[in-house]
Amino acid sequence: MPEGHVVHRLARDLAADLGGRRLTVSSPQGRFTAEAARVDGTVLRHTEAYGKHLFVGLSSDDEIHVHLGMQGKWLRVADPARPALPQVRLRLATEAVAWDLIAPARCELLTEAAVEDLVRGLGPDPLRSDTDAEAAVAALRAAPGAIGAALLDQSVVSGVGNVFRNEALHAVGIAPKRPCRELSTSEARALWAELRRMMAQAVEDGRIVTVDATDRAAVPEAEARKVYKQQRCRDCGTPVVTSTVGGRTAYHCPREQPG
DNA sequence: GGGTAATGTGGAA
DNA sequence: TCCACCTTACCCA
């Protein structure tokens, strides 16, 4: 269940397994059958993540665009001879390995021009090296409404989901309901830097762990965050406050995130 | 075995 | 603001 770190990690892992390889493309579930037939036998040229969007570029000049939505996931299948489950929307296979896409919100073929249009509508992605930090800071300060809502708006910044917005705001001591226009430049800079740090760490970990731990992999999922879905703040023990911000449940520590 | 929430988004109301 | 979508995981019985 994917925020941007999952998509960036997938771009990397798919490229490692499938980059430069000729693909057998199929849609066992049937909702991508015509498109799969069109690109079956093409070579995977590159993969790219932008926000929560994944693009798989093929030698036919088609791009497969995948958005996982809330439930989508890719499963790596070590034995490509093993038939896919019937609910698999898309299988990308070589003779060595297969990747199966389950329950995506979107899976479609786009032209490169259509990809550019889509990406143009996305705000800066903290996980990309080609983003302008000062532009991101300006966009955050200029956004209408609360910072907790702006962080979920993919046209303001992209790739941030409900876990990162709550954990990053906590890390920099900003309450989710603070209006964007009230944020100082230094606050917005700290928030952007924290998003970049936290999300990059999550790409490496393959999960979101924001508590301090020597062995990050050993932290149980339910205890991996400081405020998100926590009863008490894992820094100071203060009861976590829940509210609705930007249409989703926000979590914050009233002591460390005043206002 | 059933019921529900879920790290998301877009369209209807 | 609500709801539908796609599926899984976890809780409860």
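Order of the sequence lines sets the chain letters (A, B, ...), proteins ahead of strands, with each chain counted from 1.
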Query raised in the report: Has A:Arg89 got a side-chain N or O lying under 4.0 Å from the OP1 or OP2 atom of C:dT7?
Result: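 False: A:Arg89 side-chain N/O out of range (4.0 Å or more) of C:dT7 OP1/OP2.
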Report task. Answer yes or no: does a side-chain N or O of A:His67 lie under 4.0 Å from OP1 or OP2 of B:dG8? Result ->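 Result: no.
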Requested in this report: Using heavy atoms and a sub-4.0 Å distance, could you list which residues of residues 100-118 of chain A are near DNA chain C? By number, please.
Outcome: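 The answer is A:Ile102, A:Ala103.
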Query raised in the report: C:dT8 and B:dG10: how far apart are their C1' atoms, nearest whole angstrom?
Result: 22 Å
Query - Distance between C1' atoms of C:dC3 and B:dT4 (Å, rounded) - result: 16 Å
Query raised in the report: What nucleotide, of B:dG8, B:dA6, C:dT7, holds the atom closest to the side chain of A:Asn162?
Result: B:dG8
**Report entry** Minimum-distance nucleotide (side-chain atoms of A:Glu221 versus B:dG8, B:dT7, C:dC6)
**Finding:** B:dT7
Which pairs would a plain distance check flag for residues 140-153 of chain A, meaning a side-chain donor or acceptor within less than 3.5 Å of a matching protein atom at least two apart in sequence or in another chain?
residue: A:Arg141; atom: NE; partner: A:Leu183; partner atom: O; Å: 2.8
residue: A:Arg141; atom: NH1; partner: A:Thr185; partner atom: OG1; Å: 2.7
residue: A:Arg141; atom: NH2; partner: A:Leu183; partner atom: O; Å: 3.2
residue: A:Asp153; atom: OD1; partner: A:Ser155; partner atom: N; Å: 2.9
residue: A:Asp153; atom: OD1; partner: A:Ser155; partner atom: OG; Å: 2.7

Would you indicate what [X] reaches in the nucleic acid, counting non-hydrogen atoms under 4.0 angstrom: base, sugar-phosphate, or nothing?
| X | answer |
| --- | --- |
| A:Gln29 | sugar-phosphate |
| A:Arg31 | sugar-phosphate |
| A:Tyr228 | sugar-phosphate |

I'd like to know if the side chain of [X] and the backbone of [Y] have a donor-acceptor N/O pair within less than 3.5 Å.
| X | Y | value |
| --- | --- | --- |
| A:Asp100 | A:Leu75 | no |
| A:Arg106 | A:His67 | no |
| A:Glu3 | A:Met199 | no |
| A:Glu167 | A:Tyr228 | yes |

Spacing of [X] atom [atom1] relative to [N] atom [atom2], expressed in whole Å:
| X | N | atom1 | atom2 | result |
| --- | --- | --- | --- | --- |
| A:Lys73 | C:dT7 | NZ | P | 12 Å |
| A:Gln230 | B:dT7 | CD | P | 13 Å |
| A:Gln71 | B:dT7 | CD | P | 10 Å |
| A:Leu152 | B:dT9 | CG | P | 8 Å |
| A:Asp153 | B:dG10 | CG | C1' | 13 Å |
| A:His53 | B:dT7 | NE2 | P | 18 Å |
| A:Trp74 | C:dT7 | CH2 | C1' | 16 Å |
| A:Leu122 | B:dG8 | CG | P | 14 Å |

Requested in this report: Could you pull out all residues at least two apart from A:Thr238 that satisfy side-chain contact (heavy atoms from CB on, under 4.5 Å)?
Outcome: A:Cys236, A:Cys253, A:Pro254, A:Arg255
Requested in this report: Specify the closest pair of heavy atoms between A:His8 and A:Val203, including all atoms of both residues, with the distance to one decimal.
Outcome: CB-CG2, 4.2 Å
